There are 2 protein chains.
Amino acid sequence: MDIKKFSRLAGVSTATVSRAFSGNGRIKEATRQRIFELAATHGYTPNIHAQRLNARRTDIIAVYYSFSTAPIFDYYNMELAQEIAKAAGVRGYTTNLELTQKTEAPSPGLQRAAAGGGLDGIILVADSRAGALAFLQQFKSIPVVVIANHRWDLPEAAGLVRIHQDSGIGEAIAHLKSAGHARIGFIHGVADTAKHDAFLNALQAQGLDAASAPAASGPLSFEDGERAIGELLSARVTAVLCSTDILALGAISGADKRGVRVPQDLSIVGIDNLSFSPFTRPPLASVGIPRTEIAEAAIAILDQLVTDTTADATPSARQFIHTINTRFIPRASLGPVSRPA
Amino acid sequence: MDIKKFSRLAGVSTATVSRAFSGNGRIKEATRQRIFELAATHGYTPNIHAQRLNARRTDIIAVYYSFSTAPIFDYYNMELAQEIAKAAGVRGYTTNLELTQKTEAPSPGLQRAAAGGGLDGIILVADSRAGALAFLQQFKSIPVVVIANHRWDLPEAAGLVRIHQDSGIGEAIAHLKSAGHARIGFIHGVADTAKHDAFLNALQAQGLDAASAPAASGPLSFEDGERAIGELLSARVTAVLCSTDILALGAISGADKRGVRVPQDLSIVGIDNLSFSPFTRPPLASVGIPRTEIAEAAIAILDQLVTDTTADATPSARQFIHTINTRFIPRASLGPVSRPA
DNA sequence: CTGAAAGCGCTTACAG
DNA sequence: CTGAAAGCGCTTACAG
């Protein structure tokens, strides 16, 4: 049943039916009531495509990230995506989950949707500037908000939610220092320069020797962490910051296999603070990001950009960059130095 | 730029432009080429709403689940959602992530989209029959595939991917029995009758006393598991099956706090086999479901239903029920009985 | 407050 | 292989 048939049935014009449903324009309350009741009885709902064809607006956004070889490595993105979907819902947006394998380019479908008006905006979880720029280049027809660890210089049109690793990592290193740790190692993850830089800065800020800080490369899996911790133990570290919680769990396991106990003999700190990290054994200290805040900030910016674009207004002068501080969450994987260097 | 302006620019009719993009109808290859090049140069992309208005098809599906108080309890759903998005992408569908708080009804937006043609179908992750039926009642205008632990009787229009808990739980109990366990407890989760029934059946199949099997209620959190295991230890169990992996982790921790070691003194088995369960300490034995298979089955059925509906064909006689067996994944949280009852 | 009619941007029988 | 025109189902300025 379309609006024509339905309006005839209701004894009004299509314009009146449209006004009843859209809430735009004046309409007598009684008429509106009657139309709603009739619609309920006869099962009429306005066709959403026809509405959008007029509206130049869809109230759909996409969250885009590339997935890994195994879901365990996507926990960070999945948790973020869920928070984004929640925050988007609050503002009346529906969220498309757009996934792509790490090595592949965004699907043609996404491009079609974006260029063809099927999407109001996109939230991109990015881990490299080059990747982000390439993405923005491809999707310049609609607003994009980038979530990243860096304060990248991006084209005007894009928003940026910047996760400030320095704050939380700084706290972590300060905490370790005050517990007596002076030889602190690092296990590298993928595309983690922001994290590693923050680590080096934090060492310096604490008056520790950043130049000779031992580092090993993960970069990804639990097993990588198990192996990497071996290298660092040879370098006589007493504490290790790991680029991800998964690597940290691997490090704990790897240490254990070598007879080194956490936290008695070695302190381990992860980064990301996944939801299960409080429940590992020992509970894993980690540098956490407030995912809910990030999601809300990203949606707020995107909504702003979408509204500006739709209204054809001059984009407000305000900066579309929002910085979110990470913070250190101490847990039982930390202890005082037992065998100072 | 719309099709009218663009077709003028290209010196052809709108019909020809449409044929070039849609792939429908005959069109000279050279014409098509020229149109594509021009479109690329001038930045023309067909408006997707206009296309969908004609097509009665959107190639968008939604995956719907209700989220919990904390993301940790949503890992199961999030992992499933990601797999569904992947599987959907392969078949050319975009996936909407539709979330609702546990206590709330599906958003009006979802209903609008579904009734107004904005969605081809929905995949519902359900944990109660009443909930699923209410949902189906509300969304009877489009195909729905339910993912659930039960072989529920559902209206014709719905598909069902049924996760068969009995297989994996049966294997788990058999494994415990052969390791000498005779007194096996259960920690309840939320809406877990399928799991508990499977547990009782498995006990019987192994010739164990199901009637007197100790059970404690979680039902949700890590702390719930910590508490529940206390009750079961008083009941002198030597092994425990937990309704979720989170409860199982809590149980391990709770046992540890009481001086009971896993697996030396007590064996613990979880259900769900979350991606991080291989990496807990000890690695957690669990009853797992092949998420990728489930997602693919759900998408295959939904695609079938959508295609049938769209084509207005008589729905094929084939059953739209697909059963997926769970399976037991033994890991280091298991051991032989140390102090037989 | 309500209606007639043009317009949103495509697609697809129909005719050639 | 291509075009003219009706149709997909709404919305909204315009007139009353």
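It should be emphasised that the depicted structure is a prediction, and the values quoted were computed from it without experimental measurement. Throughout, protein chains are lettered first and strands after them, A, B, ... in sequence-line order, and every chain is numbered starting at 1.
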**Message:** Determine whether a donor-acceptor pair (one donor, one acceptor, N or O, separation below 3.5 Å) exists between the side chain of A/N54 and the base of D/dC10.
**Reply:** yes
**Request:** Would you state whether a donor and an acceptor, one from the side chain of B/R52 and one from the base of C/dG9, lie under 3.5 Å apart?
**Result:** no
**Complete:** Across all chains, not counting sequence neighbours, the salt bridge (charged side-chain N to carboxylate O under 4.0 Å, His left out) partners of B/D127 are none
**Message:** Can you measure B/I27 atom CD1 to D/dC1 atom C1' for me and round it to whole angstrom units?
**Reply:** 9 Å
**Request:** Let me know, please, whether B/G11 or B/A50 comes out on the 5' side of the other along DNA chain D by nearest nucleotide.
**Result:** B/G11
**Request:** Grab the NZ-P distance between B/K5 and C/dC10 for me, whole Å please.
**Result:** 11 Å
**From C/dT11, C/dG3, D/dT11, nucleotide with atom closest to B/T14 side chain** = C/dT11
**Request:** Would you kindly compare B/T45 and B/R19 by the position of their nearest DNA chain C nucleotide and give the one closer to the 5′ end?
**Result:** B/T45
**Complete:** A/L53 CG to C/dA6 P, in whole Å, measures 18 Å
Identify each donor-acceptor pair in which a side-chain atom of residues 99-110 of chain A lies under 3.5 Å from a protein atom, sequence neighbours left out, and give them as a table.
{"from": "A/T100", "atom 1": "OG1", "to": "A/Y64", "atom 2": "OH", "distance (Å)": "3.4"}
{"from": "A/K102", "atom 1": "NZ", "to": "A/S66", "atom 2": "O", "distance (Å)": "3.4"}
{"from": "A/S107", "atom 1": "OG", "to": "A/G109", "atom 2": "N", "distance (Å)": "3.4"}
{"from": "A/S107", "atom 1": "OG", "to": "A/L110", "atom 2": "N", "distance (Å)": "3.1"}

**Prompt:** Side chain of A/Y44: nearest nucleotide among D/dA13, C/dA5, D/dC10?
**Reply:** D/dC10
**Prompt:** Of the nucleotides D/dT2, C/dT2, C/dG9, which one has an atom closest to the side chain of B/K28?
**Reply:** D/dT2
**Prompt:** Among D/dC10, D/dC8, C/dC10, which is the nearest nucleotide to the side chain of B/Q51?
**Reply:** C/dC10
**Prompt:** Is A/N24 near enough to D/dT11 that one of its side-chain N or O atoms lies under 4.0 angstrom from OP1 or OP2?
**Reply:** no
**Message:** Heavy atoms from C-beta onward define the side chain here; which of D/dC10, C/dG3, C/dC8 lies closest to that of A/D2?
**Reply:** D/dC10
**Message:** Distance check, C1' atoms only: D/dG16 and D/dT12, in whole angstrom units.
**Reply:** 16 Å
**Message:** Could you tell me how far apart B/I35 (CD1) and C/dC10 (C1') are, to the nearest whole angstrom?
**Reply:** 14 Å
**Message:** Which nucleotide wins on minimum distance to the side chain of B/N47, given the candidates D/dT11, D/dT2, C/dC10?
**Reply:** C/dC10
